[in-house]
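Worksheet: one structure, shown below.
Small disclaimer: the values here were computed from a predicted structure and weren't measured.
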Amino acid sequence: MCGIAGWVAFSEDLTRRQGDIDAMTETMACRGPDGRGTFVREHAALGHRRLAIIDLPGGTQPMSVSTPAGDIGLVYSGETYNFGELRAQLQGLGHRFETDSDTEVVLHGYLQWGESVVDHLNGMYAFAIWDEREQKLVMIRDRMGIKPFYYYPTPDGVLFGSEPKAILANPLAGRAVDLDGLRELFAMTKAPGWSLWKGMHEVLPGTLVTVDRNGIRSRTYWRLNAVEHTDSRDETVSHVRDLLTDIVERQLISDVPRCVLLSGGLDSSAITGLAAARLARDGEQLRTFSVDFADQEQNFVPDEMRDTPDSPYVREVAALVRSAHQDVVLDPAQLSDPAVRRAVITARDIPAGLGDMDASLYLLFAAIRRQSTVALSGESADEVFGGYRWFHDEVALKADTFPWLAFNSAMTGESRWEILNPALREKLALPDFVAGQYATAVAEVEHLDGESELEHRMRTVCHLHLTRFVRTLLDRKDRASMAVGLEVRVPFCDHRLVEYVYNTPWSLKTFDGREKSLLRHAAKHVLPESVAARVKSPYPSTQDPGYAAALQQQAKEIAAAGDAPVFELIDRQWLERAVAMDASRLDTHLRMGLDRIIDLHTWLEMYAPDLRLD
């Protein structure tokens, strides 16, 4: 796991621009605290910051090989979980290795198979290869989009990086934000290729992008296809169990300390149980971590998304698997600390507006990093197995839009746009933007002949989550974790599992009348009964009124700044009404509105005076 950056320029000698590639690379220092390096040739410069996970002494990057026709250089971020099998295969084909790292396996895989190396990889990755033989850059991103990857076309080539900040460090990149960038920031549709910054694009998941003197081209090497599912219920459950067992075992491979993120829900508990069983075979105790809030369990009040607190379930799982468990307990002062908010915005490059949920994730990862370098997470199980509440809400399912936007909650619906400056809101035309994105997303879904109306709709809903919704959450988790040098692995995003479960009928996904039936039954052998029966509960949010009071105080300071740039974006009257209210009356909707406004204000401060709104 690392950070990468680079620059290809066909009309310039980049050996004279070492300072620029160094500056781009150094923005990725948090992603790679263990080492740095560059690979510079006349028309290509690659930069790398390393977080050492596999082969600590031998995995230094950039890696390169020399051929009679020219050098080939690689900068790689992520993990290839099947590198052992690929290494043996390549050795059988005559390749010789100097290290035990997965990076060298990927490099030799390219030497052997060219761009088709992507068809051999199982893992999470974003990497770039400069092939001097063909004067060509190849950029490749993993199938699900676990690892971030951005690029910025220039008149004679391209800039690229793991995060936008690496690209923005180059003088060729502008810091403009246009209406399209703002539309997606507020729309929550995860428009393909979106970057907040004008002119910058994501390398799409499952996509290979090549850059040469003829320009920039992309090719999709993986997508979700509709395939008839013929396994029985028992065969399906058994296969899911076998896949999960294999996936967790692969993703536990590490030369540094590892742990599991445990929330007490079905997803993280399943990963915890499987990981603990695997490590126990080697006489090793699993380490687990959870986030909690001061006095949350004692004062918990059920809300629209959460029926129960996490803590009792966490304790049951930790006791069952006998893990070395630690709760990271946070208070309102930590969650509302402006320095933490700035750190989160720096990590994500955008004002996401998730407030305490982003702050707590960042602080949890920072605490874990003091003891572990790798963490397994239950992220994405809800998208794969159909776990969110709106999967089972008739109104949300029948709506002619993304189900997560149709579901009635403080985080969704058009009410979240109330904070916007009315003139800007009119320009953005967000309902039209969302409708266009929805139509585009639905048109991409492949269906089987003879599907019932229900199966047809649920395949569409599952596809929307696996190609849109999940990408937002994966980016959030990667950016928050890598900001503190922690690698988070997501077993539920293994493409073999995703493909298999995606093609199981909805009737199988819910065969016991519950959400995530397949996962519940596949993992019940490693779960406490209470967790196996627990209703879906999302990532926790503090209910402490002290957090709302701190938000309101910070928002009052913004309201008092009459000429603050944020008022180009937000409605001053909405803010003034919210800060005039009694803090005890700030419901989830109002609190999230304040969080979004404070995020926007902080983001504008951080990027001014260079930022330009077009």
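Side-chain contact check for F149 versus D142: every heavy-atom pair is 4.5 Å or farther apart. By the 4.5 Å heavy-atom criterion applied to side chains, I597 and W574 are counted as neighbours. Looking at F365 and M482, their side chains never come closer than 4.5 Å, going by heavy atoms from C-beta outward. A 4.5 Å side-chain heavy-atom check between I368 and C259 finds at least one atom pair inside the cut-off. Contact of the I146 side chain with the D478 side chain is not registered, since no non-hydrogen atoms from C-beta on lie closer than 4.5 Å. Using a 4.5 Å cut-off on side-chain heavy atoms (C-beta onward), L51 and P33 make contact. Under the 4.5 Å side-chain criterion, counting only non-hydrogen atoms from C-beta, S372 is not in contact with R258. Residues P351 and L196 are in side-chain contact: their nearest non-hydrogen atoms beyond the backbone lie under 4.5 Å apart.
Listed by first and then second residue, the ring pair (Phe, Tyr, Trp, His ring centres under 6.0 Å) pairs involving residues 277-298 amount to none (not counting sequence neighbours). Residue pairs satisfying the salt bridge (Lys or Arg N to Asp or Glu O under 4.0 Å) criterion with at least one member in residues 353-381, sequence neighbours excluded, are listed as follows: R348-D358, D356-R591, D358-R476, E379-K477. Applying the side-chain hydrogen bond (donor to acceptor under 3.5 Å, both in side chains) test to every pair with at least one member in residues 545-557, sequence neighbours left out, gives these pairs: Y547-D595.
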Practice item. For the pair I53 and D255, evaluate side-chain contact (heavy atoms from CB on, under 4.5 Å) and give the outcome as yes or no after the intermediate values. Key: CA-CA 6 Å; I53 302 291; D255 293 334; over 6 Å; no

Review point. Run the side-chain contact (heavy atoms from CB on, under 4.5 Å) check on L527 and V317 step by step: do they pass?
Key: CA-CA 7 Å; L527 297 173; V317 174; 5.7 Å; no

Check your understanding: Do Q334 and D331 pass the side-chain contact (heavy atoms from CB on, under 4.5 Å) test, and can you show the C-alpha distance, the side-chain angles, and the key distance before you say yes or no?
Key -> CA-CA 6 Å; Q334 294 169 288; D331 61 35; 3.4 Å; yes

Practice item. Could you walk me through whether V579 and L575 pass side-chain contact (heavy atoms from CB on, under 4.5 Å), step by step? Key: CA-CA 6 Å; V579 299; L575 178 61; 3.9 Å; yes

**Study point:** Candidate pair W390 and F469, rule ring-ring contact (aromatic ring centres under 6.0 Å, His included), full reasoning
**Key:** CA-CA 13 Å; W390 47 80; F469 193 76; 5.7 Å; yes

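Shown here are the salt bridge (Lys or Arg N to Asp or Glu O under 4.0 Å) partners of D544, two or more places apart in sequence or in another chain: there are none. Looking at residues two or more places apart in sequence or on another chain, you find no side chain to side chain donor-acceptor pair (under 3.5 Å) involving S195. Shown here are the salt bridge (Lys or Arg N to Asp or Glu O under 4.0 Å) partners of R520, two or more places apart in sequence or in another chain: E515. In this structure, the salt bridge (Lys or Arg N to Asp or Glu O under 4.0 Å) partners of E297, at least two apart in sequence or on a different chain, are R315. Listed by chain and number, the residues in a ring pair (Phe, Tyr, Trp, His ring centres under 6.0 Å) with F402 are W404, Y438 (sequence neighbours excluded). Residues forming a salt bridge (Lys or Arg N to Asp or Glu O under 4.0 Å) with R278 (at least two apart in sequence, or on another chain): E249, D282. Listed by chain and number, the residues in a ring pair (Phe, Tyr, Trp, His ring centres under 6.0 Å) with W506 are F391, H392 (sequence neighbours excluded). Scanning for ring pair (Phe, Tyr, Trp, His ring centres under 6.0 Å) contacts around H239 gives Y500, with sequence neighbours left out. Listed by chain and number, the residues in a side chain to side chain donor-acceptor pair (under 3.5 Å) with D512 are S517, H521 (sequence neighbours excluded).
No donor-acceptor distance shorter than 3.5 angstrom exists from the side chain of R31 to the backbone of R50, with no hydrogens or angles considered. In this structure a side-chain-to-backbone donor-acceptor pair under 3.5 Å is present from S268 to S263. Within the 3.5 Å criterion, the main-chain N or O of A191 finds a donor-acceptor partner in the side chain of E184. The backbone N or O of G32 sits less than 3.5 Å from a side-chain atom of R49, completing a donor-acceptor pair. The main-chain N or O of C493 is never found under 3.5 Å from a side-chain atom of R143 such that the two would form a donor-acceptor pair. No side-chain donor-acceptor contact under 3.5 Å links K536 to the backbone of R389. The backbone N or O of L266 sits nowhere less than 3.5 Å from a side-chain atom of S269 that would complete a donor-acceptor pair. No donor-acceptor pair under 3.5 Å is formed between the side chain of D295 and the backbone N or O of Q298. Using modelled atom types, one side-chain atom of Q296 and one backbone atom of Q543 make a donor-acceptor pair closer than 3.5 Å.
Side chains of S162 and S77: no donor on one and acceptor on the other come within 3.5 Å. Under 3.5 Å, the side chains of Q437 and R468 contain a donor-acceptor pair of N or O atoms. In summary, the side chains of D327 and H325 do present a donor paired with an acceptor at a separation below 3.5 Å, with no hydrogens or angles considered. Inspection of the Y607 and D349 side chains reveals an N or O donor paired with an N or O acceptor under 3.5 Å. Side chains of S323 and Q285: a donor-acceptor N/O pair is absent below 3.5 angstrom, by distance only. With 3.5 Å as the limit, one finds no donor-acceptor pair spanning the side chains of Q251 and E79.
Salt-bridge check for D246 with R250: passed, with a basic side-chain N closer than 4.0 Å to an acidic carboxylate O. Salt bridge present: R479 and E163 bring a charged side-chain N and a carboxylate O closer than 4.0 Å. Taking the charged nitrogens against the carboxylate oxygens, D475 and R471 have no contact shorter than 4.0 Å, which rules out a salt bridge. The existence of a salt bridge linking D310 and R534 is confirmed by a sub-4.0 Å separation between a basic side-chain nitrogen and an acidic carboxylate oxygen.
When every heavy atom of K165 is checked against every heavy atom of T346, the shortest pair comes out as NZ-O, 2.7 Å. Minimum interatomic distance between F300 and D307 (heavy atoms only, all atoms of both residues): CE2-O, 3.5 Å. Of all heavy-atom pairs between G485 and T373, the closest is O-CG2, 4.1 Å.
Of the inter-residue distances, the one linking L261 atom CG with T288 atom OG1 reads 9.5 Å to the nearest 0.5 angstrom. In this structure, the separation between CD on E418 and CD1 on I570 is 13.0 Å, given to the nearest 0.5 Å. Atoms CH2 and CG, on W417 and D571 in that order, are 15.5 Å from each other to the nearest 0.5 Å. Between the CG atom in L551 and the CE atom in M592 there is a gap of 10.5 Å [rounded to 0.5 Å]. Separating the NE2 atom in H465 from the NE2 atom in H463 is a distance of 13.0 Å, to the nearest 0.5 Å. Distance CG/L464 to OG1/T401: 9.0 Å, rounded to 0.5 Å.
The environment of R322 atom CZ is sparse: at most 12 non-hydrogen atoms of other residues, nucleotides or ligands sit within 6.0 angstrom. Within 6.0 Å of atom CZ in R281, more than 12 heavy atoms from other residues, nucleotides or ligands are found, so the atom counts as buried in its surroundings.
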